[in-house]
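Order of the sequence lines sets the chain letters (A, B, ...), proteins ahead of strands, with each chain counted from 1.
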Amino acid sequence: MQIENKIKNTVAEAIKELYGQDVDSNSIQLNLTRKDQKGDFTVVVFPLLRISKKNPEETGKDIGNYLKEKLSEIAEFKVIKGFLNLLLSHSYWINSLNEIKDTEEYGFTHATDESPLTMIEYSSPNTNKPLHLGHIRNNLLGYSLSRIVASMGEKVVKTNIVNDRGIHICKSMLAWQKWGNGATPESTGKKGDHLVGDFYVKFDQEYKKEIAALMDKGLSKEEAEKQTKLMEEAREMLRKWEAKDPEVYELWKMMNEWVYKGFDETYKALGVDFDKIYYESETYSVGKEEVLRGLKEGLFYRKEDNSVWADLSAEGLDEKLLLRGDGTSVYMTQDIGTAKMRFNDFPIDKMVYVVGNEQIYHFKVLSLLLDKLGYKWGKDLVHFSYGMVELPEGKMKSREGTVVDADDLIAEMVNTAREMSKELGKLDGYTEEEAEKVYYTIAMGALKYFILKVDPRKNMTFDPKESIDFNGNTGPFIQYSYARIRSVLRKASDKGTAIPEKLNDNAELTEKETQLLKMVLNFPNIVEEAGKVYSPAIIANYAYDLAKEFNQFYHEMPIVFEEDALKREVRLVLSEKVGDIIKQSMWLLGIDVPERM
RNA sequence: GGCCUCAUAGUUCAAGGGAUAGAACAAGAGUUUCCUAAACUCUAGAUACAGGUUCGAGUCCUGUUGGGGCUACCA
């Protein structure tokens, strides 16, 4: 909003003029005026007292007078305590509305060839089990971030690194071999990722049984864990896989295919996608080479058991394993390889990893290692670390069967949305197919908004029973507000009430209308802020506030039925723009809005 | 043990060092001859504790208490 800079500059000018001191206009504190006070913008004068050597009231008045004289947009000002509240003129607001009225995607900036490229990694599933609630948060955050960053005018590449190899995959494979009896997704009618996940669980059950048996024979828990045959077999399988043993390799390929098909369905339901997918089975060897190069260059060292380590004690961290004694790679090795491949593939300016906060340490280490290996971008990688999703009774544990499965949750949400819609009878006249689409839109709106409205850095609680509401501070509330606006506009057009090319300057705005318009005009700032601190929650909360404000406005005054043409036109244009901004905000969150609901 | 993080109404979440700490759900009371009541209006209810910095602290600093996480040859 340009007016803000104008005010700041003029305040700085006023200080120079009145008190003879230079101040940086950026240091001027200018806020939107609190709702309960009269005014549009507020200059905080407290910090200026040191310069003015006067009390807050007088200082505020001095500056207020100066501003009013210099800026025609300012209609009135009032000083309350240390706050200088500025009230802008009706014509200023009408002009602003006229200016943005026909701006497509107001507040968005589009990338050009020169724009920096940001790569965002998110999702990063393991192929041994289906996606759960934690992944949902990750996917929604990653996808929303990609849209927010793109709307700030950066080029964005969405990427996914699939953990398709390692001991955990071998556990599923081994269990399938031993107890699967050739089960396939087709033969069982199960989604592939769920089928494979079941065998992972099966492995764990059998493993525990074996440990218990060994402990009965008098072994300690630690000894028993080390001596299980099952784990030994799994390790053997991993060695065979790395040696590309044909039988193991074929099994691995087949089971992974099942999983990918399942994941694709879930991704599609979540409405997320990727521009480029990497597989650890393809990147880990690159990582190994890099580690060996580092070893040769003396950056790392080898222990007597042949394992390779990095010493990060100079950086205040520990020693870190990079390659096991048997030459197989670990998580870190793979991430090094993946990073190298990505930077070879794309001219990346900024790399963002959307990964849970439990891995803060891992990414600190990765950053240091990449830097040591000579990648100039290593230091600057961004770990977008988000909090865990917890259940009312605590953390989700897959082994205790308390995970909330992504597919189940989505299906449940759609069911609830359907029931509720039918009860309200809002979609009468829609075909079954059209109605289903709306149910889905509402269900996903509820789920996505619920997750995204929370500050990503914080842990959040999810209660599957009460879980998600469709009333109050929810996605459907915002969607409903949008549908309502569309309905109003349809009514207007049915009545033949045209929306004018340009609003008349003489139109006056009520306080509510000004408030709404102010929020609309603030949208670009919100997008920028959200992009700067990587927080979809800022967009979500803004969208809610805007929708709430609109609903109040809607109840307070007629729009289509307003008799006074000037007033009616303002309200129609304003409503339409609010609708646009709601739609854009929701788009940034990856949420669709229905025309009717 | 060390390091990181969080603590706000009964519950789930807000609050870029600024004014009387906002919402929603749950509880209670209202609003449909009028543009969608998935809405709107009203009532009641909160900054874990103790210090400090500041004109001003939920926000910054120190300590205490209580959650969560990391500190793995799991990924």
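If you take atom C1' in B:rA21 and the same atom in B:rU59, they sit 11 Å apart, rounded to whole Å. Look at the P atom in both B:rU8 and B:rC60: the space between them is 15 Å, to the nearest Å. Taking atom P on both B:rG10 and B:rG45, the two are 11 Å apart, rounded to the nearest angstrom. Nucleotides B:rG18 and B:rC34, compared at atom P, are 46 Å apart to the nearest Å. Atom name P, nucleotides B:rA44 and B:rU54: the rounded distance is 38 Å, in whole Å. Rounded to a whole angstrom, the distance from the P atom of B:rC42 to that of B:rC6 is 34 Å. For B:rA14 and B:rA9, the P atoms lie 13 Å apart once the distance is rounded to whole Å. Distance noted for atom P between B:rA15 and B:rC74: 40 Å (whole Å).
In this structure, A:Gln29 reaches the bases: a heavy-atom distance under 4.0 Å links it to at least one base atom across the strands shown. Counting any heavy atom pair closer than 4.0 Å across all strands shown, A:Asp545 reaches no nucleic acid atom. Counting non-hydrogen atoms under 4.0 angstrom, A:Leu424 reaches a base of the nucleic acid. Within the nucleic acid shown, A:Leu323 has no heavy atom closer than 4.0 Å to any nucleic acid atom. Note on A:Tyr361: only backbone sugar-phosphate atoms sit closer than 4.0 angstrom, heavy atoms only; bases stay farther off.
In this structure, the salt bridge (Lys or Arg N to Asp or Glu O under 4.0 Å) partners of A:Arg165, at least two apart in sequence or on a different chain, are A:Glu242.
At a cut-off of 3.5 angstrom, counting only N and O atoms as typed in the model, there is no donor on one side facing an acceptor on the other between the side-chain of A:Ser481 and the base of B:rA38.
Under the 6.0 Å distance and 45° angle rule, A:Arg484 counts as a cation-pi partner of A:Tyr554. A cation-pi arrangement is absent between A:Lys320 and A:Trp309 under the rule of less than 6.0 angstrom and at most 45 degrees off the ring axis.
Annotated stems with RNA chain B as a participant read B:1-7 with B:65-71, B:10-13 with B:22-25, B:27-31 with B:39-43, B:48-52 with B:60-64, given as range with range, by first number; only runs of 3 or more Watson-Crick or G-U pairs under 3.5 Å qualify.
Under the 30°/60° scheme for interplanar angles, the aromatic rings of A:Phe450 and A:Phe462 are found to stand perpendicular. Between A:His132 and A:His135, the ring planes are tilted. Angles from 30° to 60° get that label. Ring geometry, A:Phe363 versus A:Tyr353: the interplanar angle falls from 30° to 60°, so the pair is classed tilted. Ring orientation note: the planes of A:Trp241 and A:Trp252 are nearly perpendicular, at an angle over 60° on the 30°/60° scale. Below 30°, between 30° and 60°, or above 60°: for A:Tyr534 and A:Phe384 the angle between ring planes is above 60°, a perpendicular geometry.
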Checklist entry - For A:Arg486 and A:Glu595, what are the C-alpha separation, side-chain angles and deciding distance, and is it a salt bridge (Lys or Arg N to Asp or Glu O under 4.0 Å)? => result CA-CA 6 Å; A:Arg486 301 309 296 171; A:Glu595 294 295 307; 3.0 Å; yes

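Between A:Ser487 and the phosphate of B:rC35, there is no side-chain N or O to OP1/OP2 separation shorter than 4.0 Å. Under 4.0 angstrom from either OP1 or OP2 of B:rC74 there lies no side-chain N or O belonging to A:Lys171. Taking only side-chain nitrogens and oxygens, A:Arg324 comes nearer than 4.0 Å to OP1 or OP2 of B:rC74. Under 4.0 angstrom from either OP1 or OP2 of B:rU36 there lies at least one side-chain N or O belonging to A:Lys491. The shortest distance between the side-chain N/O atoms of A:Lys458 and the OP1/OP2 oxygens of B:rA7 is below 4.0 Å.
Aromatic stacking of A:Phe46 on B:rG18: satisfied, with centres closer than 5.5 Å and planes within an angle under 30 degrees. Stacking is found between A:Phe83 and the pyrimidine-like six-membered ring of the B:rA19 base under the 5.5 Å centre-distance and 30° plane-angle cut-offs.
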All N/O contacts under 3.5 Å from nucleotides 39-41 of chain B to the protein, with atom names and distances to one decimal?
| from | atom 1 | to | atom 2 | distance (Å) |
| --- | --- | --- | --- | --- |
| B:rA39 | OP1 | A:Gly472 | N | 3.1 |
| B:rA39 | O2' | A:Arg484 | NH1 | 2.9 |
| B:rA39 | O2' | A:His555 | NE2 | 2.9 |
| B:rC40 | O4' | A:His555 | NE2 | 3.2 |
| B:rU41 | OP1 | A:Gln552 | NE2 | 3.1 |

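Taking the side chain of A:Lys395 as heavy atoms from C-beta on, and the options B:rA72, B:rG69, B:rU20, the nearest nucleotide is B:rG69.
B:rU32 adopts a syn glycosidic conformation, its chi angle falling within 90° of 0.
Sparse packing is recorded around NZ of A:Lys78, with 12 or fewer heavy atoms of other residues, nucleotides or ligands lying under 6.0 Å away.
A:Arg239 and A:Glu236 are joined by a salt bridge, as a carboxylate oxygen and a charged side-chain nitrogen come within less than 4.0 angstrom of each other.
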